[in-house]
Protein chains: 2
Amino acid sequence: MNSRNEIINAACQVFAKLGFRGTTTRRIADAAGVNEVTIFRQFGSKEALIREAMKMTHSVGLAPLPDVPSDPERELTLWSESFLQHLRLRSSIIRKTMSEMEERPEMSEHASYVPRQASADLCHYLAALKRQGKTAEKFEPKTAAAMLMGAIFADAMGRGMMPDVYPQPEEKAAQMYTRFLLKALGVENHAPRTTNKTKRTKQLSA
Amino acid sequence: MNSRNEIINAACQVFAKLGFRGTTTRRIADAAGVNEVTIFRQFGSKEALIREAMKMTHSVGLAPLPDVPSDPERELTLWSESFLQHLRLRSSIIRKTMSEMEERPEMSEHASYVPRQASADLCHYLAALKRQGKTAEKFEPKTAAAMLMGAIFADAMGRGMMPDVYPQPEEKAAQMYTRFLLKALGVENHAPRTTNKTKRTKQLSA
DNA sequence: TGTGTAAGTAAGTGACTACTTGCATTTGCG
DNA sequence: CGCAAATGCAAGTAGTCACTTACTTACACA
């Protein structure tokens, strides 16, 4: 049963580098330190193995956003940073998945889980912010969320290829996008009455 | 000499659908209505043909942005719409190119031409806007440009997979992103004194 | 000690891959 | 017409692909 996990991990790594067609059972077996025949005995086919592997890699949780906003700049910045980091760590496999989706639509189901969740969370938070009356400008949460997430997504996908196009330094990018968003919403950027010191922003992973 | 172009076009179409490894010389020949051998006589190798094809598809121009801003909302909306349309029309091939870039870095040279140009144009325009004193807020042109372009890019790449995550209706998306940007810059959204009627926003294609 | 299960080994199958060769046919042009 | 370049056609080469079969080895447990 250990070889099973080794094979799945190896499949993920090879897939992230070479995509579906480049991921041969031979390469997976080598990467897993396992005989090629074992793959077919365990999973039946390459297709089934990749399906299994995709199920695993795309099922992770995100940093949470509080239900009731208290320090928007701080909370949104932390969330943006964790989202950006999540995408950066997985940029290779995300690129491959987006590329294969048209040919293998069943992949999109798992692949879209994280961004869907992120969008829902962010929209919910922004709507709460609006309801609180903390925003000076009128805005549509969905558009605002699409702007912030789009900027973060594009940064994660594109900075490696064109570093000069994205804001510097890299580590402050999430913060800069967040501040930009808040400016558009008309949220004043000073912290609120500081009653809460440490906020829980643990990373979930399932 | 006509078959040469047919082969290049076919190669682009097949590549956009199936990526490098899925683009077999057999499939290209079929799509071009040409014998497989002709491909090798014309281009020498599949590798060389794809290189040639990528050179073609990625060398297009964008809608221009005026050097001196006059009606920011109108001008930026038109630009955003044309940029979004450009990305949408090429979303398949862009996905494939992004996916193959790590394995074939020479592709990124051509692929990054359009977004680099777009970013430079937009930054230049936003800087001019700032210099004109039309913006109420302080901002970094590069960050602002990354936000708008990121939102547009993510829309073009992701709306097909998750339509409910992006603002509706689809045709107004570019406008909404643009308005959001202008709000963050503190640009008041009414048109200026209307001295100029028709603005030149022709599509260049080289 | 015997038995079942997971794994390795070796060999092979048929389909597909990029690419080549040799020869017949078409096409454009002076 | 006559010639040459471009193309089609048929066949073949060497390699890789996913996947199978038949057999052996290693280990757990009773």
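A note on names: the letters A, B, ... follow the listed sequences, proteins ahead of strands, and every chain is numbered from 1. Hydrogens, waters and symmetry mates are skipped; everything else that's a heavy atom, side chains included, is used.
- Mapping B:R41 and A:R21 onto DNA chain D via the closest heavy atom, the residue that lands nearer the 5' end is B:R41.
- What separates CG of B:N35 from C1' of C:dC19 is a distance of 13 Å, to the nearest Å.
- One finds no side-chain N or O of B:T38 lying less than 4.0 angstrom from the OP1 or OP2 phosphate oxygen of D:dT7.
- Distance CD (A:Q42) to P (D:dC19): 15 Å, rounded to an integer number of Å.
- The side chain of A:F40 lies closest to D:dA18 when the candidates are C:dT9, D:dA18, C:dT17.
- Atom pair A:D30:CG and C:dT9:C1' shows a separation of 15 Å (rounding to whole Å applied).
- D:dA22 atom P lies 19 Å from atom CD of A:E36, rounded to whole Å.
- Between B:E106 and B:E47, the shortest heavy-atom distance links the atoms OE2-OE2, 3.9 Å.
- Judged by the 6.0 Å distance and 45° axis criteria, B:R4 is positioned over the aromatic ring of B:F43.
- Rounding to whole angstrom units, CZ of residue B:F43 and P of C:dC19 are separated by 13 Å.
- Put simply, CG on B:N2 is 20 Å from P on D:dA5, counting in whole angstrom units.
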_Assess the residue pair B:E100 and A:K96 against the criterion (salt bridge (Lys or Arg N to Asp or Glu O under 4.0 Å)); give the C-alpha distance rounded to whole Å, side-chain angles, the decisive distance to 0.1 Å, and a yes or no._
CA-CA 8 Å; B:E100 314 268 353; A:K96 262 62 175 193; over 6 Å; no

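- When heavy atoms are screened at a 4.0 angstrom cut-off, A:V37 is found touching base atoms of the nucleic acid.
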*asked:* Test side chain to side chain donor-acceptor pair (under 3.5 Å) on A:T178 and A:E73; report intermediate values, then the result.
replied: CA-CA 7 Å; A:T178 305; A:E73 172 156 359; over 6 Å; no

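- One interatomic measurement links the two molecules: CZ of B:R26 to P of D:dT16, which rounds to 22 Å at whole-angstrom precision.
- Atom-to-atom, CD of B:E6 to C1' of D:dG8 comes out at 15 Å; the value is rounded to the nearest Å.
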